[in-house]
Amino acid sequence: MEETKQDFKRTLITSALPYANGPVHIGHFAGVYLPADIYARYLRLCGRDVLFVGGSDEHGVPITLRAKKEGVTPQDIVDRYHALIKDTFERFGVSFDIYSRTSSEVHHRMASDFFRTLYDKGVFLEKESDQYYDEEAGQFLADRYITGTCPHCANEHAYGDQCERCGTSLSPTELINPRSAISGSAPVMRRTKHWYLPLDQYEPFLRQWILEEHKEWKPNVYGQCKSWLDMGLQPRAVSRDLDWGIPVPVEGAEGKVLYVWFDAPIGYISNTKELCDAQPERYGSWETWWKDPETRMVHFIGKDNIVFHCIVFPTMLRAEGSFILPDNVPANEFLNLEGDKISTSQNRAVWLNEYLDDLPGKQDVLRYVLTANAPETKDNDFTWKDFQARNNNELVAIFGNFVNRALVLTGKYFDGVVPECGEMDDYDRATLHEFESVKAELVRLLDTFHFRDAQREAMNLARIGNKYLADTEPWKRFATDPARVQTILHVALQITANLSIAFDPFLPFTTEKLRHMLAIDAPFAWDRLGDFHLLTAGHKLGKAELLFEKIDDEVIERQVQKLLDAKHANEVAEHRAAPIREAVAFDDFTRLDIRVGRVTECTKVPKADKLLQFKIDDGLGGRTIVSGIAKHYAPEELVGRQVCFVANLEPRRIKGITSEGMILSAEGADGRLAVISPEKEVEPGSAVK
């Protein structure tokens, strides 16, 4: 196991609480929940005492905004999405010991008591400040309840904390023409009182604890903490004016709730208490997990939560005085999607619940690909083509191919019974030695949270097996040397059984299926990895099945099209008309002669992808017009249709054709052109007035 400052008796694993205002997407999964699950599964296989805690974050402004948008209560929102998120995690095999919620009675009581303990100890500062107030709604406005024009990009729908078009962080007072998202009225400034956690007073402790005592933390985590500490910490409000959340438990705090950043991490504690109180015989006391110095706590989070879990929450725990502090916070960076940022507000995401419906039975394929592309040290990118390639070229062609050949050949030559192992030759021994060296590297990487590289080493074990069968070619030897084939397949089956251990933290559905095929009742312990006596000679195997199947181009194209459709929908929704051009005199406008004509012929212009040649019945004997709309219409779509055209343009030669006018089209938000036609049939040559 990883060297730590002491030999801990147990490990408490937490994963960031997802907001219960929408589903979970692949960025959340790759950054937080999948690595946490891999680590929890690994420690359990090692026989360690582990508690893996998760839950939904059910307070905060994003939830109230969605409730307002949908015309329902915040409780309706969190009930819906808590159930969806919990079900999604279960279907993906995330092995939480408990997945609860911050709207629970246990959490409300514990968060309230935690605040009161710090309040009674005199930890908080009381400060008054000016804040926007909606006089029409009769309430103070959180930053997200204020909209206005971004001073940087002129987006008229920026929020008081951020412009989602240009990504700039804002304060409400920077917005131009601020408006309340509740009533639409212009807010006014009003004084309000809040309680603040004095982070600056704990700066010496944080500097010693993080910068001196935890230099082993990941560089991205250590660096962000150092940057914040070097800038100097400031007191941070722990309460806000809002009607959704945990009421501040002091007199005179009516209409105020605990700020979600203060309330949410206490959810780790309250969820632990909820579990331990329900099953004390299995988990013991919650205080053992949170207050015993022989417990190791590890937070799995994304980089946007580093400050809260490394500076703010530890300050809260330190101020309370009886809790342990995290031993490690292996935060990941962000996962992008097809070369661009994931955006929940623009529906630019691969939602886990939709993936489960679109690609049933392929949970482990996504687990594998997301781990292979894990943003452990820098932002990384998910593409559907890479997803397909890794499935077809690695899971199918290496892991699945080796296992299938080992089991099918055993079934063919030895009736599905593990054969005896005869005398090994040098190549057999070299294969087993190589297996041992890869195993040692796999263990080192798992112990130090390098899950991407660890999974690669697990696949290298499958590569060793694949190469072994390809080199020894038992299908060619059986007729002349069946005893040698016995040894080859015995070694191959031992490698197969080892793969059921090596991949168990990463691909739990696959290894369960593999154990069924090997007729093994329970998982092997991790310390059996590298043991080549896992299957005894004479053991009857189960039925061989394909572990993975190839994914066709059509499946990938459907997923890519989903993203393109979402992008198109956003472009249409966000479309703003182009600014009006410079004014022209009325007399100049009246010089244009716009007529209605009927298309009698329409053909593509040779060697010009964008051009169509029209024959127009203009009521005056006809004319020819060349128009650049071939990308938007097939010629046959336009024959017989009435169109509007400018009749008095000077003729122009285009690709050797004299064009006598311009057909009028409108350009949509997505760049598509739509030909302008009269609503009712009129005579060719009719003037547009």
Side-chain angles (χ1 to χ4, degrees), residues 14-34 36-37 53-109 111 142 144-145 159 164 181-182 240 242-247 257-261 263-268 270-271 274-275 302 304-305 342-360 363 366 562 565-566 569-570 573:
T14 74
S15 59
L17 308 183
Y19 268 131
N21 71 324
V24 180
H25 58 61
I26 58 169
H28 301 132
F29 197 43
V32 178
Y33 308 102
L34 183 52
D37 184 58
V53 177
S56 299
D57 182 355
E58 299 184 331
H59 300 130
V61 173
I63 288 162
T64 60
L65 286 175
R66 180 173 279 272
K68 175 178 170 56
K69 181 179 179 180
E70 296 188 14
V72 298
T73 68
Q75 192 65 51
D76 292 331
I77 294 295
V78 299
D79 285 347
R80 180 200 315 165
Y81 286 112
H82 169 71
L84 176 63
I85 294 168
K86 184 178 182 182
D87 176 69
T88 300
F89 284 146
E90 288 174 354
R91 292 170 69 190
F92 265 102
V94 182
S95 58
F96 291 114
D97 288 286
I98 183 171
Y99 187 85
S100 192
R101 53 199 307 193
T102 61
S103 66
S104 72
E105 188 177 320
V106 174
H107 176 71
H108 272 243
R109 185 167 60 252
R144 280 261 154 173
Y145 275 144
Y159 291 107
E164 294 195 347
I182 299 175
R240 70 187 322 180
L242 201 63
D243 58 1
W244 173 250
I246 299 172
V257 298
L258 300 183
Y259 218 134
V260 68
W261 67 257
D263 135 41
I266 298 171
Y268 302 139
S270 60
N271 291 349
E274 181 181 333
L275 177 67
D304 53 338
N305 264 321
I342 292 175
S343 172
T344 56
S345 62
Q346 295 186 345
N347 195 29
R348 180 181 168 73
V350 176
W351 304 104
L352 295 187
N353 59 308
E354 292 184 2
Y355 173 93
L356 289 164
D357 294 335
D358 293 347
L359 288 91
Q363 294 97 318
L366 189 61
K562 261 178 103 169
D565 291 344
N570 285 321

Are Asp357 and Arg91 close enough for a salt bridge, meaning some N to O gap below 4.0 Å?
yes
Taking the side chain as everything from C-beta on, heavy atoms only, tell me whether Asn271 gets closer than 4.5 Å to Val53.
yes
Gap between atom CG of Leu34 and atom CZ of Phe89 - 0.5 Å precision
10.5 Å
Mind checking the CD-OG spacing from Glu90 to Ser95? Nearest 0.5 Å is all I need.
11.5 Å
CZ on Phe92 to CG on Leu352, rounded to 0.5 Å:
5.0 Å
What's the separation between atom CD in Glu70 and atom CD1 in Ile77, rounded to the nearest 0.5 Å?
4.0 Å
Closer than 4.0 angstrom, basic N to acidic O: yes or no for Arg101 and Asp57?
no
Give the intermediate values and the outcome of ring pair (Phe, Tyr, Trp, His ring centres under 6.0 Å) for residues His59 and Tyr259.
CA-CA 9 Å; His59 300 130; Tyr259 218 134; over 10 Å; no
Less than 4.5 Å apart, side chain to side chain, heavy atoms only: is that true for Tyr81 and Pro23?
yes
On the 0 to 90° scale, with breaks at 30° and 60°, tag the Phe96-Tyr99 ring pair as parallel, tilted or perpendicular.
tilted
Any side-chain donor paired with an acceptor under 3.5 Å for His107 and Asp263?
yes
Using 0.5 Å steps for rounding, measure from the CG atom of Leu275 to the OG atom of Ser270.
11.5 Å
To the nearest 0.5 Å, what is the distance between CG on Leu65 and CZ on Arg144?
7.5 Å
